[in-house]
Amino acid sequence: MTGEKKKKIVKTIKVDADLCNGCRACELICSAFHAAPKYSGNNPARSRIRVIREPLRDVYVPVYAGDYTPSECAGRDKYVIDGKEYEECAFCRASCPSRDVFKEPDSGLPLKCDMCEGEEEPLCVKWCLVDALTYEEREEEVEEEEPQEELEIGLEALADKHGLDKIKDALARMSLKD
Ligand code: SF4
Ligand code: SF4
């Protein structure tokens, strides 16, 4: 119910890009943890964290996968920080139609950081040996709202990609097989 307040634990991963050395251990452990079965593979393309990495320009920036968006932005962002120019959309966390980042390579389904649900501490933080990633928790009072189910987010992405009618047809065919 909206309008009601409740206590919520806010989990934060602080990124100190100056400390990141681009080792990509965070990508490795994230993809391994989310492999099915767990730890059966380690493909960084399935990781929920991506390290923008340009060693020749000393650029290493870890970015976490955020929400899925069905439409791309009308414009693009380009950042220059300390004289270094970063590629367009470099800091964007969205799984968006304009690029392949933060999508399952096989299915195209969106990937989103889940803070390593079930673990005491995010594994990317544990594996970052130079402390470029640090984990913090705090309690906050927030308005209660229903979280969007993972299944719903996946179906929304598939419907955007293939059209709702095709999804309905596929589901009808599958239910006939059962
Ligand atoms: S917190 Fe867990 S799910 Fe999120 S990017 Fe790090 S390893 Fe991946
Ligand atoms: S594990 Fe740490 S140092 Fe290595 S790429 Fe990830 S954030 Fe950077």
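Below, all heavy atoms of this structure are taken into account, side chains as well, without hydrogens, waters or symmetry copies. Start at 1 and go down the list; that is how both ligands and their atoms are numbered. Just so you know, residue 1 is the first one in the sequence shown, and it goes up from there. Keep in mind the model is a prediction, meaning the values are calculated, not measured.
At the shortest separation from atom 4 (Fe) of ligand 2 among protein heavy atoms lies Cys23 SG, 2.3 Å.
Those atoms of ligand 1 that come under 4.0 Å of a heavy atom in Cys113, given as number and element, are 1 (S), 3 (S), 4 (Fe), 5 (S). For ligand 1 and Pro122, the ligand atoms under 4.0 Å from any heavy atom of the residue are 1 (S). Residue contact check: Tyr64 has heavy atoms under 4.0 Å from atoms 5 (S), 6 (Fe) of ligand 1. Counting the atoms of ligand 1 from 1 in the order shown, those under 4.0 Å from a heavy atom of Asp114 are 3 (S). Within ligand 2, the atoms closer than 4.0 Å to a non-hydrogen atom of Pro62 are 7 (S), numbered from 1 in the order shown. Of all atoms in ligand 1, numbered sequentially from 1 with element shown, those under 4.0 Å from a heavy atom of Cys30 are 3 (S), 5 (S), 7 (S), 8 (Fe). Close approach to Val51 involves these atoms of ligand 2, each under 4.0 Å from a residue heavy atom: 5 (S).
No part of Ile29 comes within 4.0 Å of ligand 1, judged by heavy-atom distances. Under 4.0 Å from ligand 1, not a single heavy atom of Glu119 appears.
Using 4.0 Å as the threshold, His34 has a heavy atom nearer than that to some atom of ligand 1.
Under the 4.5 Å side-chain criterion, counting only non-hydrogen atoms from C-beta, Phe91 is not in contact with Asp77.
In summary, Cys124 places no N/O/S atom under 2.8 Å from atom 8 (Fe) of ligand 1, failing the contact criterion.
Nearest to atom 2 (Fe) of ligand 1 by heavy atom, out of Ala32, Ser47, Cys116, Cys128, is Cys116.
Looking at Asp160 and Tyr68, their side chains do bring a donor and an acceptor atom within 3.5 Å of each other.
Salt bridge status for Asp67 with Arg93: absent, with no side-chain N to carboxylate O gap under 4.0 Å.
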